[in-house]
Every structure is written in C-alpha cells, then in structure tokens.
Protein chains: 2
Amino acid sequence: MARSASSPPGRKALRETPPSEPRTSTRSTGSVTLGDVAKLAGVSPITVSRALNHPELVTPETLETVRQAIAETGYVPNLLAGGLASSRTKLVAAIIPTLGNAMFIDTIQPLNDLLTGAGYQLLLGLSGFPTTDEQELLKGILSRRPDAIVLTGVNHSDESRQRLKAAKIPVVEMWDLTPAPIDSLVGFSHEKVGKAVADFLFHKGYRRFALVCAGDERARIRRRSFLEALGGFGLESLATVDVPTPTTVRMGREGMARLLADGHRPDAVFCSSDVLAHGVLAEAQSRGLRVPEDVAVMGFADLDFAAYTFPALSTVHVDRAAIGTRAAEILLARLGGKPAGPTMVDIGFEIIERASA
Amino acid sequence: MARSASSPPGRKALRETPPSEPRTSTRSTGSVTLGDVAKLAGVSPITVSRALNHPELVTPETLETVRQAIAETGYVPNLLAGGLASSRTKLVAAIIPTLGNAMFIDTIQPLNDLLTGAGYQLLLGLSGFPTTDEQELLKGILSRRPDAIVLTGVNHSDESRQRLKAAKIPVVEMWDLTPAPIDSLVGFSHEKVGKAVADFLFHKGYRRFALVCAGDERARIRRRSFLEALGGFGLESLATVDVPTPTTVRMGREGMARLLADGHRPDAVFCSSDVLAHGVLAEAQSRGLRVPEDVAVMGFADLDFAAYTFPALSTVHVDRAAIGTRAAEILLARLGGKPAGPTMVDIGFEIIERASA
DNA sequence: CAAAGCTATGATAGCGCTGTCATAGGTTGT
DNA sequence: ACAACCTATGACAGCGCTATCATAGCTTTG
C-alpha cells in the first residue's frame with residue numbers, strides 16, 4: 001500500500017521509461033519489503049532487520065520507530081530471503097507415515113507445540129502416500145532447507161542417509177530403536193513389546209491365540225517377537241489375519257469376523273493397534289461373545305479411548321507424547337548450540353491390564 | 001562433496017588470501033549448488049535450471065548430461081533461492097484447529113495427496129494451540145510466501161483478512177458457509193445440521209433431549225439451531241453439558257455421567273462429535289442402559305468408526321474428504337491459471353440412521 | 001538467397017534479506 | 001587529554017536461484 005503509488009510495475013511503464021535510465025525493475029513482487037519499512041522509519045534496512053531479529057542491538061527509540069513503520073506498512077518478513085541469506089529457516093520437518101493414525105498424531109502434537117513455542121515451524125511430510133517413497137519425500141523436504149528433521153522409524157535407504165548426512169542438520173529418528181541411528185534417537189523396542197505381551201497373556205492362562213495385524217513395519221516386528229515368544233512356550237500355528245493400513249475400527253471388526261469365519265475360536269486376540277482391538281471388541285459383542293470370558297482382546301498404544309471403551313481395553317501403554325517432547329528438546333538444544341543430553345532415548349512401554357484381557 | 005576440496009571457507013583461509021584478490025566468499029553454505037552442477041555438466045547454470053523446471057526447452061542430450069551431473073553431485077535444489085527468484089514457492093498452507101480431531105484429518109489427507117501429486121507441499125498450521133492466535137499463526141505462515149492458503153472456518157479477524165488480501169494468493173475457507181467469504185469457500189451449513197437433527201429426533205418420538213457439546217465454534221452453531229428448532233416444537237429447558245476440546249471418548253463418558261449425576265434422564269443425547277457420542281454409548285452400556293431403548297445417541301461427522309460401534313452410531317454424515325478434494329481442485333485450477341469452476345461450494349450433509357437412535 | 005522465424009543456450013541482473021566489516025559518537029581510565 | 005574501548009548504525013556484498021533479453025545456429029519461405 002505504501003508502495004503501490006510510487007512504483008507501478010508492468011510492461012507499459014517500462015516502455016515509457018527513457019532507455020538511458022537504469023531501468024526500473026520488472027521483477028519486483030509488489031509486496032512491502034524491509035527497504036520500504038526502512039525508508040518510512042528513516043533508518044537503513046539492516047537496522048530494521050536487527051530490530052526484528054536482534055532487538056537488543058537497537059535503541060528503544062529506534063525500535064519503536066521501526067515498530068510503527070512495520071505496523072503502518074503491514075510488513076510481513078520474507079523468510080525465503082531471510083533463510084537464503086542466513087542459512088537458517090526456522091523450519092523443522094517431520095516425516096510420519098500418515099495423519100490417519102492417532103499414534104503419531106499424539107507425538108506430533110507436543111513436538112509441534114514445543115517447536116512453535118521456540119519460534120520454529122513444523123513441516124509435516126507423509127510417507128505413507130503410495131506414489132511417493134520416503135526418498136522422494138525427503139528430497140522435497142530438504143529442498144526447503146529445514147534446520148532439523150524428525151523421521152519415523154529407523155529403516156531408511158542408503159541414499160536417504162547420505163542426503164541427511166550431507167544436509168548437516170540435526171536428525172532425530174523416533175518410534176523405534178536401533179544400534180546404528182543416523183544421529184539422535186527416541187523410541188522403544190517393539191521386539192520387547194511382542195515378547196512382553198506374549199508373556200502377559202500366556203501367564204494369564206490364555207492358550208488359543210490370534211493376531212490381527214496391520215501392514216505397519218513396526219507392527220510386524222511386534223508380531224514376530226510375539227510369535228517367537230509363544231513358540232518358546234511350545235505354542236505353534238497361531239491364527240493371524242492381516243489388515244491393510246490405515247487401521248480402522250472397521251478393519252478390526254472385519255478381521256475378527258474373518259478369524260471366526262475361518263473356524264478359529266481364539267481365547268485371546270492381540271491387535272497391532274487399539275483401533276483394531278476396538279473393532280474386535282465390537283465384533284465380539286455384536287455376536288454375543290463375552291469379553292474377556294469368551295475372548296480376551298489386547299490392543300497396542302493405549303490411545304485416549306482405550307480406557308473408556310466397554311469393557312476397558314487392556315493394551316500396551318506407550319508414552320507417545322514423551323517421544324515428541326524428547327525429540328523437540330533434543331532438537332531445540334542442539335539448534336541452540338547447547339548440550340542435548342542423551343541423544344539415544346528408550347522411553348519404554350508398559351503393559352496395561354484393564355477389563356478386556 | 002564435489003566442492004568441499006576446492007573452497008575451504010572460514011576465517012583462517014580468508015586471512016591468508018592476498019588483499020588484492022576479490023576475496024573468496026566467507027558465506028558459502030558448503031552445499032552443492034546449481035553452479036556446481038553446471039560446471040560439472042559443462043553448461044551454464046541457467047541451463048541446469050531449465051533442465052529441472054522446463055525440461056522441454058532443453059535438448060535430450062543436454063538433459064542427460066545434466067541429469068548425470070545432478071546424480072553425481074547429489075544436488076538438492078534450494079527452494080528458498082528458487083522461490084525468492086520466481087515468487088513461486090510450491091507451498092500451500094492450511095490452517096486447522098488441531099491434529100487431534102479426526103474430522104479435519106480426513107479433509108487434510110486428500111488435500112495433501114492432491115497437492116503433493118501436483119508438486120506442491122502442504123504446510124500445516126495448528127490454530128488451536130492456545131499461546132498463538134490465528135493471526136500470529138497466519139503471519140508466520142505468510143512469511144514463507146505460500147502460493148495459496150486454506151483456512152478452517154469463516155471467522156477471521158479484520159487484520160487477517162487484510163493480510164490475506166495483501167498476499168494476493170488464492171484463499172479457500174472450508175468447513176462452514178458464509179455469504180461473505182474472503183475468496184473461495186467449501187463447506188456446509190451447521191445451522192441446517194442442528195435443525196435437521198432436531199427434526200429427525202423429534203419425529204422419531206424422542207422428547208427428553210440432552211446435549212453433549214465441545215467448545216468448538218461450529219459445534220456451538222449446531223447447538224444453537226438445534227435448540228431453536230426444539231423450541232419451535234414447544235420443548236424448552238434441555239440438559240446440556242459442555243466438554244473441553246480436544247474431544248475424546250473419555251469426555252463423552254464423563255459428559256454422560258455428569259448428565260445422569262445431575263438427575264437428568266434423557267431419552268436422546270445429541271453430541272457434537274462421534275467421538276463424544278462414542279463415550280456416551282460406552283457410559284450408557286457400562287451402567288446397563290440399553291441403547292437406543294433407554295437412551296438414544298446421536299453423533300456428528302460419521303467418522304470411520306461410527307458404523308462399526310456396537311450398536312452402530314446414528315450420526316450426521318459429512319463428506320470430509322470431499323471438502324479437501326474440492327479445495328485442492330479449486331486451488332490447483334487457480335494456481336494453474338485455469339478456470340476453477342464454482343468457488344463457493346456447499347457440500348451438504350446427510351442424517352444417517354443406524355442403530356443408536 | 002536474403003529476410004524472417006525458430007530453437008537451444010547464455011549473460012546479466014536482480015528476488016529480499018543478513019553476515020561482515022567499517023565508522024561515528026560516546027564513555028572510561030589514567 | 002588521549003588512547004582504548006564500547007555502542008548504535010550503516011555500506012556492501014553476497015545467499016542460490018530464475019526472469020528477461022540477447023545471440024548463435026538452424027530451418028523455412030517466396
């Protein structure tokens with residue numbers, strides 16, 4: 001607005017300019033710039049920059065003048081330009097499989113909140129979208145030059161690892177553990193979860209096990225160690241059904257229906273997520289099966305509804321918010337040049353015994 | 001990698017440089033640039049740029065040479081620089097209240113997928129975070145110069161509207177209707193929903209109504225028109241409980257518990273979301289109340305689980321994915337300079353009668 | 001075969017900001 | 001009183017990319 005009158009861009013105006021003049025720019029975007037604010041405030045552009053980014057270097061009066069000029073012009077800083085000049089974008093990227101899974105959402109929310117509070121913005125990338133693999137996604141994200149990046153899981157292509165190293169930014173992998181992380185790591189052991197659930201259910205006396213498992217990488221790990229542990233007890237040939245991601249209550253119901261249709265009569269069903277478990281619960285109830293007397297149901301993640309279904313769901317509690325919080329703390333410390341404390345964090349898990357198993 | 005040997009930056013190196021030389025840059029980021037690729041490929045930087053962004057302008061052989069140079073160097077374009085130069089960022093921002101509400105997620109997912117498919121990246125802003133209001137959030141987002149922006153709801157401060165107009169980018173408001181949108185609009189009438197539900201339940205014979213309502217702007221509109229409609233039937237003084245956001249099953253259970261504790265004996269409970277309705281269902285069941293014989297329960301949104309609870313939830317179906325899809329289509333058309341079709345879309349809603357009411 | 005047009009590539013000059021160094025003016029210490 | 005230092009501000013030169021115009025080498029056309 002402060003500018004529109006003085007510099008009307010466009011081809012026409014250019015033609016009318018005498019060729020001797022240094023030619024007014026054809027490319028200006030027409031939006032208010034630092035320079036415009038500076039002119040109005042009667043200071044140099046760099047002073048405006050400082051007023052915004054290092055106000056302690058500017059006298060209170062100058063600061064006030066600049067503030068007014070900013071308000072008057074409606075100036076919005078251009079972080080593309082700022083980031084290009086300073087190599088700091090105030091952007092942190094996080095890659096998660098999907099928004100459709102409440103597990104990751106509960107991690108992302110505190111991550112976002114802490115980063116936002118520290119002046120960063122979170123850019124979410126969804127790797128579960130079938131037509132782009134993580135590698136492509138990562139390339140796209142790195143082209144925005146984030147200051148740091150958060151990844152879900154620990155399996156990344158060599159090329160991805162290479163690119164991440166080349167980017168020279170803090171990286172946090174989360175939701176799993178590995179002896180060879182790219183950089184920092186916040187997660188828990190899915191193997192131990194599988195084993196712990198097997199122990200728990202076996203010692204409660206269940207013997208006819210079934211699994212309803214989604215096509216998630218980490219769910220598979222839990223399943224494998226669950227089966228191994230049961231094998232250790234001398235139990236073999238368990239009934240398992242696979243359901244596609246994203247997991248829904250519907251898939252849980254259908255999974256349970258399929259189990260029963262196939263003639264299985266499990267006395268305990270372990271699901272790869274509470275959502276699936278919830279579906280199993282509903283299917284059992286709709287068929288008049290009593291939970292847990294006729295069939296026990298065990299979920300995973302302890303989502304917000306797990307304690308409030310009827311009957312309440314036994315599950316594996318994972319402090320999902322803590323994953324996000326720790327990841328944010330590690331990143332913010334490192335971005336601030338401070339020591340980050342331990343950068344390999346096992347947040348553990350806990351078997352929660354409620355009514356359903 | 002291709003560069004690190006030839007240009008060791010840093011203070012030391014600078015001091016050793018004779019003062020007559022044009023001084024090697026102190027500021028280079030050390031990462032591979034277009035220029036590096038160009039040098040390796042034996043072409044000019046602009047040709048590399050074209051190979052990436054307008055390959056049809058480059059001969060196949062040149063393209064191939066450039067491709068190889070890119071692969072060899074591991075070049076990742078810098079979209080900050082590109083965006084600054086071209087005023088196109090390939091970034092679309094969307095503001096939603098929270099990730100914790102599956103309603104919006106179901107809209108965001110197709111929005112993200114379509115935008116990603118068209119080469120855009122989606123930047124999510126969460127306005128529900130208490131310490132930042134939408135206005136601040138918007139400012140932060142606009143400083144990244146997105147090519148377009150999607151907003152949830154139609155109530156925005158004058159300053160926000162001003163800024164959005166000044167940004168001169170396509171804007172889509174969604175999830176509500178208004179006669180005075182900022183630009184484009186994709187939503188449905190929450191007033192009509194409230195009235196339709198009141199009609200539906202009244203005509204099914206229910207008379208002792210209760211409401212469990214979250215502190216959501218649009219939920220309030222639905223509640224108001226629901227109450228108005230019932231008032232039209234001569235019913236007054238309904239039992240209502242407010243629950244805080246984000247809505248959870250727990251809040252639904254507690255809401256129902258509170259209603260009963262207060263001595264209310266509703267024969268129908270209308271909830272501002274399926275999640276709350278689900279909690280109401282669980283609470284009723286845990287007290288031995290039959291649904292819908294003793295109490296009917298009605299949700300809102302038709303979330304994925306609504307058809308699969310037991311008993312299945314009667315609710316208001318909203319095609320949330322269609323909101324995202326239409327928003328994406330409108331934006332992509334306008335960003336591509338094509339006619340966008342109608343830019344005020346009422347996607348409607350539908351009362352779904354299942355078992356719970 | 002000259003004029004005109006087309007195609008592939010290049011040179012130049014920014015986009016809007018900040019790192020870096022320089023400088024004017026003030027304060028302190030002896 | 002003067003060096004030594006500090007503080008607030010400014011000038012300048014890029015950050016890495018693309019819009020724009022220019023140009024060399026073709027093909028087309030009457």
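Atom set for the values below is all heavy atoms of this structure, side chains included, hydrogens, waters and symmetry mates excluded. Convention: sequence-line order gives letters A, B, ...; per-chain numbering from 1.
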Which donor-acceptor pairs under 3.5 Å do side chains of residues 61-69 of chain B form with protein atoms, sequence neighbours excluded?
unit_1	atom_1	unit_2	atom_2	d
T62(B)	OG1	T59(B)	OG1	2.6
T65(B)	OG1	E61(B)	O	2.8

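Using a 4.0 Å cut-off, some side-chain N or O of R88(A) falls inside it from OP1 or OP2 of dG19(C). The phosphate of dG10(C) (OP1 or OP2) has a side-chain N or O of S44(B) nearer than 4.0 angstrom.
Judged as a salt bridge (charged side-chain N to carboxylate O under 4.0 Å, His left out), and not counting sequence neighbours, R144(B) has no contacts. A328(B) is linked by a side-chain contact (heavy atoms from CB on, under 4.5 Å) to L111(B), L114(B), counting only residues two or more places apart in sequence or in another chain. Evaluation of the side-chain contact (heavy atoms from CB on, under 4.5 Å) rule for A118(B) yields Y120(B), L332(B) as partners, not counting sequence neighbours. The salt bridge (charged side-chain N to carboxylate O under 4.0 Å, His left out) test applied to D147(A) returns no partner, not counting sequence neighbours. Here N155(B) pairs with E217(B) under the side-chain hydrogen bond (donor to acceptor under 3.5 Å, both in side chains) rule; sequence neighbours left out. Shown here are the salt bridge (charged side-chain N to carboxylate O under 4.0 Å, His left out) partners of R145(B), two or more places apart in sequence or in another chain: there are none.
Among all heavy-atom pairs drawn from G35(A) and P45(A), the shortest one is CA-CG, 4.5 Å. Heavy-atom minimum distance, M344(A) versus P181(A): SD-CG, 3.8 Å.
Separating the CG atom of N78(A) from the C1' atom of dC17(C) is a distance of 8 Å, rounded to the nearest angstrom. Rounded to whole Å, the distance from CG on D36(A) to C1' on dC17(C) is 13 Å. Rounded to whole Å, the distance from CG on L34(B) to C1' on dA19(D) is 14 Å. L79(A) has its CG atom 14 Å from the C1' atom of dC15(D), to the nearest Å. Separating the CG atom of L84(A) from the P atom of dG16(C) is a distance of 12 Å, rounded to the nearest angstrom. Atom CG of L80(B) is separated from atom C1' of dT18(C) by 13 Å (rounded to the nearest Å).
Of the residues in residues 45-64 of chain B, I46(B), S49(B), N53(B) come within less than 4.0 Å of DNA chain D through at least one heavy atom, sorted by number.
Of the candidate nucleotides dC17(D), dG10(C), dG19(C), dC17(D) has the atom lying nearest to any side-chain atom of Y75(B).
Positionally, the nearest nucleotide of DNA chain C for A81(A) lies more toward the 5' end than for the other of S86(A) and A81(A).
Nucleic acid contact class of R145(A) (heavy atoms, under 4.0 Å, all strands): none.
Rounded to 10 degrees, the angle separating the terminal axes of the helix from dC1(C)-dG30(D) to dT30(C)-dA1(D) is 30°, with each axis obtained from five end pairs.
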